[in-house]
Number of protein chains: 4
Amino acid sequence: MTRREVQASVKDERLVMKRRDQMIKGAVTLFKQKGFHRTTTREIARAAGFSIGTLYEYIRSKEDILYLVVDRMYDQIRERLQKDLDTNQGTVASLKSSIAYYFRQMAEMQDEVLVMYQEAKSLTKDALPYVLNKEIQMVGMFEDVIENCVKNGELTLDEKQIKLIAHNIFVEGQMWAFRRWALQKAYTLEEYIDMQLDLLFYGVQGERSTKE
Amino acid sequence: MTRREVQASVKDERLVMKRRDQMIKGAVTLFKQKGFHRTTTREIARAAGFSIGTLYEYIRSKEDILYLVVDRMYDQIRERLQKDLDTNQGTVASLKSSIAYYFRQMAEMQDEVLVMYQEAKSLTKDALPYVLNKEIQMVGMFEDVIENCVKNGELTLDEKQIKLIAHNIFVEGQMWAFRRWALQKAYTLEEYIDMQLDLLFYGVQGERSTKE
Amino acid sequence: MTRREVQASVKDERLVMKRRDQMIKGAVTLFKQKGFHRTTTREIARAAGFSIGTLYEYIRSKEDILYLVVDRMYDQIRERLQKDLDTNQGTVASLKSSIAYYFRQMAEMQDEVLVMYQEAKSLTKDALPYVLNKEIQMVGMFEDVIENCVKNGELTLDEKQIKLIAHNIFVEGQMWAFRRWALQKAYTLEEYIDMQLDLLFYGVQGERSTKE
Amino acid sequence: MTRREVQASVKDERLVMKRRDQMIKGAVTLFKQKGFHRTTTREIARAAGFSIGTLYEYIRSKEDILYLVVDRMYDQIRERLQKDLDTNQGTVASLKSSIAYYFRQMAEMQDEVLVMYQEAKSLTKDALPYVLNKEIQMVGMFEDVIENCVKNGELTLDEKQIKLIAHNIFVEGQMWAFRRWALQKAYTLEEYIDMQLDLLFYGVQGERSTKE
DNA sequence: CATGAATGAGAGTTCATTCAT
DNA sequence: TATGAATGAACTCTCATTCAT
């Protein structure tokens with residue numbers, strides 16, 4: 001389950017990548033504004049800077065575009081995350097800093113995140129598993145980091161707890177985007193990060209050091 | 001900001017309510033299966049048990065149906081929640097039980113929850129504020145209960161913390177639905193509830209009583 | 001293998017028949033002029049006197065129209081033929097008169113015949129058997145009449161010969177249409193009929209009464 | 001009315017012929033399978049072994065290809081026929097043998113025959129006369145042979161009869177192809193030839209030698 | 001001469017909405 | 001009130017043809 005290839009009529013791989021870049025860029029903007037279903041293929045072509053005929057030289061169907069968009073987003077997020085998590089040292093301090101980093105990344109890509117989570121269901125039965133698999137991989141990255149903390153004796157958690165915590169972290173990162181209408185009115189991003197970290201590690205009742 | 005009225009041609013209020021009941025019931029089933037955009041008005045009319053002509057006697061546009069559906073869902077959820085929260089006594093024990101109750105309700109209505117969160121963006125700019133307002137009200141209900149705990153001296157939290165905790169609870173309830181593909185494979189509902197409550201109150205590092 | 005039903009969205013059977021009549025009439029005219037592939041569904045709708053939307057209330061796909069057209073043609077031809085062959089008395093004289101009658105019918109419907117034989121191949125794999133079956137039935141009608149002559153002792157032919165003769169008659173009737181560019185320049189219809197009957201019964205070398 | 005020239009951008013006559021050979025060969029295969037309209041120019045180019053750009057260096061439009069194909073088929077058939085008819089000695093025996101030869105040729109080329117007769121109508125008004133003219137020439141070849149028999153006193157037929165007989169022969173040869181679904185189930189090719197010759201020369205009522 | 005990426009008119013089909021009955 | 005036939009704008013997708021390289 002590595003990747004579902006989207007067929008192109010054009011042979012030149014370089015060109016395919018370039019055109020798909022344009023296409024994805026245009027599509028993301030439009031999907032953000034009006035969603036997948038309300039965006040027409042012609043609009044996407046126009047936004048990408050070429051004709052409808054050309055668009056279809058690089059995809060097979062409209063749904064391919066959605067797949068490409070979602071695929072690209074996951075890759076971007078994972079790439080950034082990977083880079084950071086690789087430096088992780090298996091300490092709680094390091095874990096916190098990775099979570100904060102992840103929250104900031106999601107905040108930066110919040111439009112993309114919204115598209116991803118609202119339109120993913122429009123993917124065909126065919127493409128959905130690939131996408132879910134990517135999500136599982138990303139959650140897995142956090143699970144690994146947490147597990148390191150456990151191995152280092154910094155935390156005491158069993159497998160099930162680790163998994164759930166990883167999911168929570170993941171969703172809290174997305175929350176900033178999909179509940180923006182409430183959260184971004186009430187908190188600054190850094191406030192949100194601090195408070196969520198606090199809650200995550202010490203809980204509602206936990207003895208907390210005073211907020212600095 | 002109480003409620004956005006959906007215009008009907010038919011005058012008989014009794015009949016309007018009856019027909020809309022049928023309509024909503026049919027639409028929910030269809031939206032669950034295929035989403036709002038892939039469901040046609042004809043299908044909704046058929047599922048509701050009357051003709052397309054009749055359907056349009058009770059709504060103005062297809063989007064009205066989505067609004068009615070989402071509106072109804074919120075009402076149902078809030079109604080159940082209200083009933084439970086009214087008995088709340090402002091203790092941590094009582095709060096936990098309310099959260100658990102809420103999680104179970106969301107699990108029971110998970111299809112509806114999915115429809116709500118995936119299709120809400122298809123509402124017009126016009127209807128969205130009403131819907132968001134309902135969401136805010138519901139989060140507010142949790143805020144009130146938590147505040148009671150604070151007033152009773154059972155918890156020490158400021159306003160901002162209360163709001164964030166309420167949002168977290170809310171989202172964790174929805175998570176069971178929208179991350180079902182991962183969570184429902186790994187946990188039973190009661191496991192999920194126990195573990196989330198644990199994390200919520202004591203955090204990752206908190207000294208936890210052993211799981212009973 | 002009686003008939004392949006073409007689905008209509010409209011329920012009123014009377015109306016379906018009426019609209020399909022209009023549709024077929026319009027389509028035949030257009031198919032004659034430009035063939036099936038060069039005729040658009042919009043043109044057919046216009047020729048039928050209604051909108052493209054209405055057209056699709058009575059068919060499922062463009063190919064349905066071709067099927068309806070071909071189906072209708074066969075029915076018309078067979079109906080006329082049936083009526084005549086029913087009066088057939090199993091004599092050679094009567095057989096000749098039936099053949100002549102058939103030739104005249106085909107001449108009258110020559111446009112339809114052309115459409116039928118040039119476009120039939122555009123039918124889907126799905127519909128073709130039904131159409132071929134109709135053709136076989138019609139050839140069978142001639143086989144029966146010839147067989148009567150044999151039973152009455154007017155002709156001496158075995159099964160295989162009867163079948164081939166029936167096919168020849170059939171094709172000679174169509175020839176007047178699909179080789180019109182040559183035949184209709186060289187012969188009047190009645191000439192053609194007389195000469196073909198002559199050749200059919202007496203052959204190239206047969207002792208013929210002198211042509212009047 | 002000799003031949004309608006298809007314009008090429010390429011000057012080298014040798015090359016033009018070579019490329020057109022490839023093109024026709026590829027196109028015939030495809031037309032046999034899916035007909036003219038359902039075959040794309042890209043497919044033809046690929047089947048011919050060169051690019052779509054190159055294809056258009058040797059033709060002006062897609063329809064040119066159909067013309068080239070049909071033209072080529074006629075040439076092939078006529079060539080074979082010519083070779084045989086040249087040896088014809090103006091006797092009935094010789095005529096029969098030529099007819100049998102022609103039937104066998106048509107059986108061998110039945111796919112081509114089908115393409116020719118089903119797609120000819122797709123030729124433009126412009127090209128059709130050239131094609132019909134070829135057909136007339138070929139019928140004429142049979143007329144000549146029959147006339148020889150008349151001149152030699154082997155047959156007694158007037159001009160009109162000769163022409164009609166030639167057309168009949170011609171169509172009976174094609175019949176084996178375009179009514180294959182019925183005839184090729186019921187008869188072997190040699191049976192078909194024997195029986196048609198018998199009917200042609202002696203008719204339905206003719207005193208025939210018993211079939212062996 | 002050969003290539004194949006680019007084009008856009010035009011195809012078939014759908015479906016929200018209307019309105020005469 | 002209820003019906004469902006009629007509408008046509010709008011959608012996705014195809015493909016013959018061109019032209020810069």
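All chains are named by letter (A, B, ...) in the order of the sequence lines, taking the proteins before the strands, and each is independently numbered beginning at 1. Heavy-atom basis, side chains included; hydrogens, waters and symmetry copies ignored.
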Regarding [X], tell me which of base, sugar-phosphate or nothing describes its non-hydrogen contacts under 4.0 Å with the strands shown.
X        : result
Lys18(A) : nothing
Arg19(D) : sugar-phosphate
Thr54(B) : base
Ser9(B)  : nothing

When you look for runs of 3 or more Watson-Crick or G-U pairs in a row, both distances below 3.5 Å, which of them include DNA chain E?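 DNA chain E stems, ordered by first number: E:2-21 with F:2-21.
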Atom-to-atom span, [atom1] of [X] to [atom2] of [N] - whole angstrom:
X        : N       : atom1 : atom2 : answer
Gln7(A)  : dT14(F) : CD    : P     : 13 Å
Tyr56(B) : dC15(E) : OH    : P     : 12 Å
Leu55(D) : dC15(F) : CG    : C1'   : 13 Å

Ignoring hydrogens and angles, does a donor from either the side chain of Arg42(B) or the base of dT14(E) sit under 3.5 Å from an acceptor on the other?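 Answer no: no donor N or O sits under 3.5 Å from an acceptor.
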Suppose we call a contact any N or O donor and acceptor under 3.5 Å apart; does that hold for the side chain of Arg46(C) and the base of dG8(F)?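 Side chain to base: no pair present.
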Choose from [options] the nucleotide whose nearest atom is closest to any side-chain atom of [X].
X        : options                  : value
Val10(C) : dA5(F), dT18(F), dA2(F)  : dA5(F)
Leu15(C) : dA5(F), dT17(F), dC15(E) : dA5(F)
Lys62(A) : dT7(F), dA16(F), dT12(F) : dT12(F)
Phe50(C) : dT14(E), dA16(E), dT7(F) : dT7(F)

Closer to the 5' end of DNA chain E via nearest nucleotide, is it Gly53(A) or Ile52(D)?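 The residue closer to the strand's 5' end, by nearest nucleotide, is Ile52(D).
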Could Lys121(C) and Tyr117(D) be counted as a cation-pi pair, given that NZ or CZ must be under 6.0 Å from the ring centre and within 45° of the axis?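 Cation-pi check for Lys121(C) and Tyr117(D): fails.
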Which residue, Thr41(A) or Asp12(C), contacts DNA chain F at a nucleotide closer to its 5' end, judged by nearest heavy atom?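 Its nucleotide being nearer the 5' end, the pick is Asp12(C).
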Just verifying a value: how many Å separate Glu63(D) CD and Leu68(D) CG, rounded to the nearest 0.5 Å?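 So the gap between those two atoms works out to 10.0 Å.
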Using a strict threshold of under 4.0 Å (side-chain N to carboxylate O), is an ion pair present between Lys62(D) and Glu119(D)?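 No, this pair does not count.
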Please determine if Glu43(D) and Lys34(D) form a salt bridge, counting it only when a charged side-chain N lies under 4.0 Å from a carboxylate O.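 Looking at Lys34(D) together with Glu43(D), the answer is yes, because their closest N to O distance falls below 4.0 Å.
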